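So that the names make sense, note that chain A is the first sequence line, chain B the second, and so on, each numbered from 1. Just so we're clear, the structure is a prediction, and the values are computed from it rather than from any experiment.
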Amino acid sequence: MTEELMQQILKISFYGASLALILIGLYGVLTKKNLIKILLSMAIAESGLNLLFVAIGYIMNGTAPIFSTAVLDENNQLLETVTMVDPIPQALVLTAIVIGLGVTAVGLALVIRLYKHHNTINIDEIRNLKW
Amino acid sequence: MKRIITILLLGVTGYFVADAVFSIPFGVDKLNIAKEYLLNSPEELKVANTVTAVVVNFRGFDTLGEVTVLFLAATGLGSILFRRRKYHTGLNPQREAPQASRIVQVGGKLLFPLILLLGAYVFIHGHLTPGGGFQGGVIIATGYLLLLVSFRKFAVKHSSLTWVEAVAGVTFAGIGLTGLVFGKDFLENFLPTGVLNSLLSGGIVGIIYVAVGFKVASELTGILDTMLSIKVEVDEENEEN
């Protein structure tokens, strides 16, 4: 019973926290005027998404998917008591973090260029895109 | 008004996304293809860290694309922020950062080799412990960032960064192509796999992750140096306009 209760609490906190991060990021993208704040909001939404991925791959009482000597017996077989979490979401999140870094870097470079050109990073004052 | 509309929109979006997400069972065994990976990684490939095995071997082609994206980001950043460079030595006269205090300078000098050592350890042991080429590369780049913020005139040589990056990228793709010579698939292991949980295990996985570590470190250091060495000349720009 306590095991199931624990599982429910963990589910609500992990899924809820990652969804909250995604929504906070979207809110920032939609309402902020400062370009750097918009980029940071995108990074927040992305970290929420990464957290959601890893939370979906979690298995209760699972260890990290590493076959170190701590989880192997003397014949290099996995101990019966050990369950491992899903490695694929972790690998995908590793990819996503690197891509997110590239996106943020290029976005910041564009912000620097825009600041040099328009002398502001407020999107309401950059009027070239409006018609 | 606009804020209320945004909150309403996000509320509706959040409700439906939450509805979908909370129907995914949490904490139960949903392994499908991962079972194969968890079985093959220690048995055939002798790689202890299954995440590394997935990233570098089972889905190595993805990682090649990922490294390409990082390379494109670094190159794109360089072309967006392009300035003709007048320096080729280790000194950068264009940066006008304030001089850091003596404590930061001495501490930076002291910590820099240790950070390099930690980064190298993380990517060399990527197939045994948590971490790998990307993480180790980022750690090394933070070491260079420490030097860049503590010494006003410090700059990295972009030509050597380009060489390191090119050699690492060619190593990655070349190892993949060498597999074709041995009658295997692209990026399939062709070296002897060794003993599980020893440093020389996993065949090509360790070599590829070391190459990725060098590549990521040089690319991120290049990005940091490019971003720090731009000088915002507001007045000159206005005069030109």
Side-chain angles (χ1 to χ4, degrees), chain A residues 6-8 10-12 14-16 18-20 22-24 26-27 30-31 52 55-62 64-69 72 76-78 83-99 101-106 108-110 112-113 115-117 119, chain B residues 2-3 6-7 9-10 13-14 17-18 21-22 24-31 33-34 37-38 41-42 47-55 58-59 62-63 66-67 69-70 72-74 76-77 80-81 128-130 132 134-135 138 196-197 216 220 223 226-227 230 232-234 237-238:
Chain A
M6 194 67 203
Q7 196 168 342
Q8 281 303 313
L10 281 178
K11 175 178 179 175
I12 289 168
F14 275 117
Y15 287 180
S18 45
L19 277 175
I22 294 171
L23 290 179
I24 289 169
L26 285 178
Y27 177 81
L30 287 173
T31 55
L52 183 66
I56 288 173
Y58 180 66
I59 294 172
M60 285 302 280
N61 302 320
I66 296 171
F67 291 86
S68 61
T69 44
L72 297 173
N76 272 347
Q77 296 300 311
L78 194 63
T83 50
M84 284 186 169
V85 300
D86 198 342
I88 298 177
Q90 302 194 7
L92 289 180
V93 164
L94 182 58
T95 311
I97 290 172
V98 175
I99 303 296
L101 179 98
V103 170
T104 312
V106 173
L108 282 174
L110 288 172
I112 291 171
R113 287 303 287 187
Y115 181 75
K116 275 186 168 180
H117 197 77
N119 211 358
Chain B
K2 198 180 159 192
R3 188 156 295 189
T6 313
I7 290 173
L9 184 73
L10 286 179
T13 317
V17 173
V21 165
F22 275 93
I24 302 170
F26 176 79
V28 296
D29 196 328
K30 301 184 284 286
L31 302 185
I33 194 167
Y37 290 165
L38 283 174
S41 166
V47 173
N49 188 347
T50 316
V51 179
T52 300
V54 172
V55 167
F58 300 125
R59 299 186 177 206
D62 277 4
T63 306
E66 184 187 353
V67 169
V69 169
L70 198 63
L72 279 178
L77 193 118
I80 290 168
L81 298 176
L128 303 175
T129 53
F134 295 100
Q135 296 90 329
V138 172
L196 186 66
N197 268 319
V216 171
L220 288 187
I223 286 178
T226 315
M227 279 204 156
I230 46 165
V232 179
E233 295 151 350
V234 178
E237 295 273 329
N238 282 349

Distance-minimising heavy-atom pair for [X] and [Y]:
X: A:Ala91; Y: B:Val54; answer: CB-CG1, 3.7 Å
X: B:Ala73; Y: A:Gly102; answer: CB-CA, 3.7 Å
X: B:Ile80; Y: A:Ala109; answer: CG2-O, 3.8 Å

Is [X] in contact with chain B via its backbone, its side chain, both, or neither, using a 4.5 Å heavy-atom distance?
X: A:Leu72; value: side chain
X: A:Ala64; value: neither
X: A:Leu19; value: side chain
X: A:Ile97; value: neither

Region of [X] in contact with chain A, defined by heavy-atom distances below 4.5 Å:
X: B:Phe22; value: both
X: B:Pro25; value: backbone
X: B:Val21; value: both

Point-to-point distance, once rounded to the nearest 0.5 Å, from [atom1] of [X] to [atom2] of [Y]:
X: A:Ile56; Y: B:Ile24; atom1: CD1; atom2: CD1; value: 3.5 Å
X: A:Ile88; Y: B:Leu31; atom1: CD1; atom2: CG; value: 8.0 Å
X: B:Thr129; Y: A:Ile66; atom1: OG1; atom2: CD1; value: 7.0 Å
X: B:Asp62; Y: A:Leu92; atom1: CG; atom2: CG; value: 7.5 Å
X: A:Asp86; Y: B:Leu38; atom1: CG; atom2: CG; value: 7.5 Å
X: A:Arg113; Y: B:Leu77; atom1: CZ; atom2: CG; value: 11.5 Å

Judged by atom type as modelled, is there a donor-acceptor pair below 3.5 Å linking the side chain of B:Asn197 to the main-chain atoms of A:Phe67?
-> yes

Who are the side chain to side chain contact (heavy atoms under 4.5 Å, CB included) partners of A:Leu101, not counting sequence neighbours?
-> B:Leu70, B:Leu220

I'd like to check [X] versus [Y] (side-chain heavy atoms, cut-off strictly below 4.5 Å). Are they in contact?
X: B:Thr50; Y: A:Gln90; value: no
X: A:Leu94; Y: B:Gln135; value: yes
X: A:Ile22; Y: B:Val17; value: no
X: A:Thr31; Y: B:Lys2; value: no

Who are the ring pair (Phe, Tyr, Trp, His ring centres under 6.0 Å) partners of A:Tyr58, not counting sequence neighbours?
-> B:Phe26

Top of A:Thr95, A:Val103, A:Leu110, A:Leu78 for chain B proximity - count of heavy-atom pairs under 4.5 angstrom | A:Thr95

